[in-house]
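Heads up: the structure comes next, in structure tokens.
First the proteins, then the strands, lettered A, B, ... as listed; each starts at 1.
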Amino acid sequence: MTLCARASKAFKVRLPPLPLSSSFHSPSLPATSPLSDTHYRDLIFSTIRTTPSAFRTRDWSSHRFRPVISDPDLFVRVLAQIRARPTVALRFFRWAEAQPEVKRSEFVFCVILEILAHHNMMRSAYWVMERVISVDMHHGIVDVLIDEYVFAKVSIKLLDLLLWVCANKLLVEQCLSIFDKMITNGLLPHVNNCNRLLRMLRDRNLASRAQEVYRRMGEAGIKPTIVTYNTMLDSFCKQGEVQQALHLVSEMQKVECFPNDVTYNVLINGLSKKGKLEQAEGLLQDMLKSGLRASAYTYNPLICGYCKRGLLAEALNLGEEMAARGAAPTVATYNSIMYGLCKWGRVTEARDWFTNMLKKRLSPDIVSYNTLIYGYCRLGDIWNAFLLFDELRRRALTPTVITYNTLMDGLCRLGEFEVAQQLKKEMVNQGIFPDVFTYTILVNGYCKAGNLSKARELFDEMLHNGLEPDRFAYNTRMVGELDLGDPSKAFNMQEEMLAKGLPPDLFTYNVFVDGVCKLGNLSEAYNMLQKMVHDGLVPDHVTYTSIIHAYLVSGRLRKAREVYDEMLSKDVHPSVVTYTVLIHAHASKGRLELAYMYFSEMQEKRVLPNVVTYNALINGLCKVMRMDQAYEFFTHMEEKGILPNKYTYTILINENCNIGNWKEALRLYKQMLDREIEPDFCTHSALFKQLDRDYKLHAVHCLESLILATEESS
DNA sequence: GATACTGGTA
């Protein structure tokens with residue numbers, strides 16, 4: 001008799017009565033039994049049948065049942081024999097599982113599972129199923145259950161249970177395979193388990209496989225629930241396919257499944273992430289009209305969307321509306337607002353919100369801390385960032401890979417590469433492994449610092465660690481090669497990306513357009529522009545700005561203006577960078593009337609000038625020695641809350657030195673020091689270039705007093 | 001059973 005056949009009997013048919021052999025009824029046998037195997041088995045069965053109490057006791061080892069568990073075949077039969085007493089069977093099974101000599105087979109598991117399922121002891125069955133997975137026998141179990149060794153009803157129950165356990169353990173491949181086998185064999189999994197599977201696929205960005213599962217559910221006749229639809233909608237939204245999501249909404253309504261609050265929340269989230277905030281607000285109105293309650297899940301994505309776009313006022317309005325509707329702000333609401341403030345450099349205000357959150361007795365989570373750390377890092381305030389890093393640990397929060405990455409980015413921006421690398425070591429010591437973000441941050445940092453070899457080394461380390469570079473990682477690396485190294489390497493990498501299913505996106509094209517522009521190959525840049533349009537991508541303000549910039553640096557101002565006009569005609573909105581490069585080039589070539597024109601145009605279009613824009617203007621004015629106007633802009637910018645930086649001061653110091661206005665140059669120099677703006681080599685050479693004239697003596701005195709001061713202190 | 005917030009590229 002094969003094992004399968006035996007098991008089949010064990011499940012479906014009562015075992016035939018076993019012969020009562022010999023007079024050994026007592027379970028207390030001598031330690032060494034001279035009996036043969038067959039006799040021994042008979043003995044055990046007879047004991048079970050005639051002395052049930054012997055089996056009921058927990059002390060199976062002393063009752064000589066130990067051999068049962070090292071013989072799966074025997075084990076199956078013993079379990080089948082006591083199938084009417086599930087608690088005893090379970091206890092025996094648990095005891096067996098704890099014994100080192102236990103030998104398992106699919107059938108042992110199937111019998112105990114079948115007994116438990118039959119008696120509706122699903123909690124215990126769950127535990128058994130976990131054992132099944134931990135000893136990697138689930139494939140065998142699935143096959144046994146599907147091959148009709150137990151009644152279909154029980155099979156489905158157990159397979160559903162297995163799906164559930166696998167889903168809880170996030171074993172996506174296992175789930176897919178069980179789902180597949182069940183459907184193929186006409187055993188329909190419960191819709192809840194299908195939903196769990198869909199959720200897992202969504203979480204792993206396997207949207208197309210989710211669609212496949214959804215399709216097969218439909219074909220097999222598993223009726224989707226509102227949860228199925230909501231999960232699918234979220235999966236589409238996560239891929240940015242909001243249109244497909246909206247299509248599914250009409251599909252679900254056709255089968256009389258109507259959107260609920262979660263449906264709306266998912267769609268509002270999807271639209272907000274795409275930046276379609278007006279449409280998202282429209283849905284919010286629809287939702288309220290149909291009598292559904294808006295919650296933090298509804299408002300937070302919208303608030304977050306507005307914050308990311310820099311529309312803080314709108315975000316705060318929504319926050320008030322939300323509170324007025326009785327939806328209390330959550331930690332995530334605060335986190336979104338803090339992020340919005342941090343992104344725009346307003347970390348002090350973000351800190352105030354953090355304090356407010358504490359006052360409202362909401363506990364900041366790791367996201368709150370990551371957000372504030374991000375804010376400080378962006379401002380170059382690594383000190384406060386590290387203070388928060390300490391504080392979060394005192395609150396018993398654990399830093400995540402995001403915490404480390406944010407800090408490392410902050411360090412790289414300050415050129416503190418050694419500390420960044422040290423932090424990378426520390427995170428590994430803490431059991432947190434660098435991810436693609438970590439490496440992209442470091443590669444970017446080293447590229448920006450001009451250290452291409454270190455950048456290459458880290459990129460290779462990432463590959464060596466089995467990490468799959470994404471678009472960001474490739475784009476970053478390609479910028480490095482285009483700017484510092486070997487453009488052909490960059491082109492090869494683009495091929496590599498394509499082969500990996502990463503077709504060039506807007507960023508990739510912009511990287512290359514800018515790269516070939518910098519190499520002076522403007523016609524090639526135009527070719528690329530055509531190619532990207534051919535690929536269905538729309539050149540944006542960055543693409544155009546690169547080309548405009550290239551014409552400007554090559555001195556072809558008229559051609560640059562033509563490209564600018566083309567950009568406007570294509571309805572691409574110029575950015576502050578577009579205007580700034582135009583202003584810079586025209587102002588520094590003495591074409592101030594055009595520079596002014598661009599400056600007023602940008603303000604009409606509500607594109608806010610930044611410190612670089614003002615520097616460009618001040619620079620142009622200084623060059624034609626219109627110092628009074630230069631100073632006017634210097635005052636203007638401060639009034640608008642745009643603080644001059646070291647370039648602003650250097651430009652003004654330089655021109656004051658040129659015209660021999662040494663006192664004014666010194667005053668500016670002092671002011672910049674007072675404002676803790678670090679002068680650089682250019683500032684100093686501007687200051688000292690006239691030294692060989694009147695103020696050489698001053699410098700000598702200065703040096704002497706320095707020497708004296710040193711001698712006194714030593 | 002389903003939904004929100006944090007890090008890297010031009």
Considering only [options], which nucleotide approaches the side chain of [X] most closely?
X: A:T476; options: B:dT9, B:dG1, B:dT6; result: B:dT9
X: A:N265; options: B:dT3, B:dT6, B:dC5; result: B:dT3
X: A:Y339; options: B:dA4, B:dG1, B:dT6; result: B:dT6
X: A:V511; options: B:dT3, B:dT9, B:dA10; result: B:dA10
X: A:K448; options: B:dG8, B:dA10, B:dC5; result: B:dA10
X: A:N475; options: B:dT6, B:dA4, B:dT9; result: B:dT9
X: A:V542; options: B:dA10, B:dG8, B:dC5; result: B:dA10
X: A:R413; options: B:dG1, B:dG8, B:dA4; result: B:dG8
X: A:T225; options: B:dG8, B:dC5, B:dG1; result: B:dG1
X: A:Y374; options: B:dC5, B:dT3, B:dG8; result: B:dG8

### Query
B:dA10 base to A:D514 side chain: any donor-acceptor pair below 3.5 Å?
no

### Task
State whether the distance check finds a donor on one side and an acceptor on the other, under 3.5 Å, for side chain A:D470 versus base B:dG8.
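Answer yes: a donor N or O sits under 3.5 Å from an acceptor.
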
Test: [X] and [Y] ion pair at under 4.0 Å:
X: A:R209; Y: A:E212; result: no
X: A:D460; Y: A:R456; result: no
X: A:D505; Y: A:R471; result: yes
X: A:E320; Y: A:R325; result: no

### Message
ring-ring contact (aromatic ring centres under 6.0 Å, His included) for A:Y369 and A:F389? Distances and angles first, verdict last.
### Response
CA-CA 8 Å; A:Y369 277 97; A:F389 186 54; over 10 Å; no

#### Entry: Candidates A:V347, A:T406, A:D409, A:I382 - the one meeting side-chain contact (heavy atoms from CB on, under 4.5 Å) with A:I373
A:T406

So what does [X] touch, heavy atoms closer than 4.0 Å: a base, only the sugar-phosphate, or nothing?
X: A:V331; result: nothing
X: A:K308; result: sugar-phosphate
X: A:N193; result: nothing
X: A:T330; result: base
X: A:D540; result: base
X: A:V479; result: sugar-phosphate
X: A:V443; result: nothing
X: A:N195; result: base

Spacing between [X] atom [atom1] and [N] atom [atom2], to the nearest angstrom:
X: A:I373; N: B:dT6; atom1: CD1; atom2: P; result: 15 Å
X: A:L502; N: B:dT9; atom1: CG; atom2: C1'; result: 13 Å
X: A:Y264; N: B:dA4; atom1: OH; atom2: P; result: 18 Å
X: A:L233; N: B:dT3; atom1: CG; atom2: C1'; result: 11 Å
X: A:I366; N: B:dA4; atom1: CD1; atom2: C1'; result: 18 Å
X: A:R378; N: B:dG8; atom1: CZ; atom2: C1'; result: 9 Å
X: A:L341; N: B:dC5; atom1: CG; atom2: P; result: 17 Å
X: A:N300; N: B:dA4; atom1: CG; atom2: P; result: 10 Å

### Task
Indicate the ring-plane relationship of A:F472 and A:F437, choosing parallel, tilted or perpendicular according to the 30° and 60° boundaries.
parallel

### Parallel, tilted or perpendicular: rings of A:W164 and A:Y126 (30°, 60°)
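Ring orientation of A:Y126 relative to A:W164: perpendicular.
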
Answer yes or no: does a side-chain N or O of [X] lie under 4.0 Å from OP1 or OP2 of [N]?
X: A:R202; N: B:dT3; value: yes
X: A:N444; N: B:dT9; value: yes
X: A:K273; N: B:dC5; value: yes

### Query
Are any side-chain N or O atoms of A:D540 and backbone N or O atoms of A:V542, one a donor and one an acceptor, separated by less than 3.5 Å?
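Side chain of A:D540 to backbone of A:V542, a donor-acceptor pair under 3.5 Å: yes, one is there.
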
### Message
Would A:R378 pass as a cation-pi partner of A:Y374, given that its NZ or CZ must be under 6.0 Å from the six-membered ring centre and within 45 degrees of the axis?
### Response
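No, A:R378 does not lie over the aromatic ring of A:Y374.
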
### Message
What residues from residues 238-245 of chain A pass a heavy-atom cutoff of under 4.0 Å to DNA chain B?
### Response
none

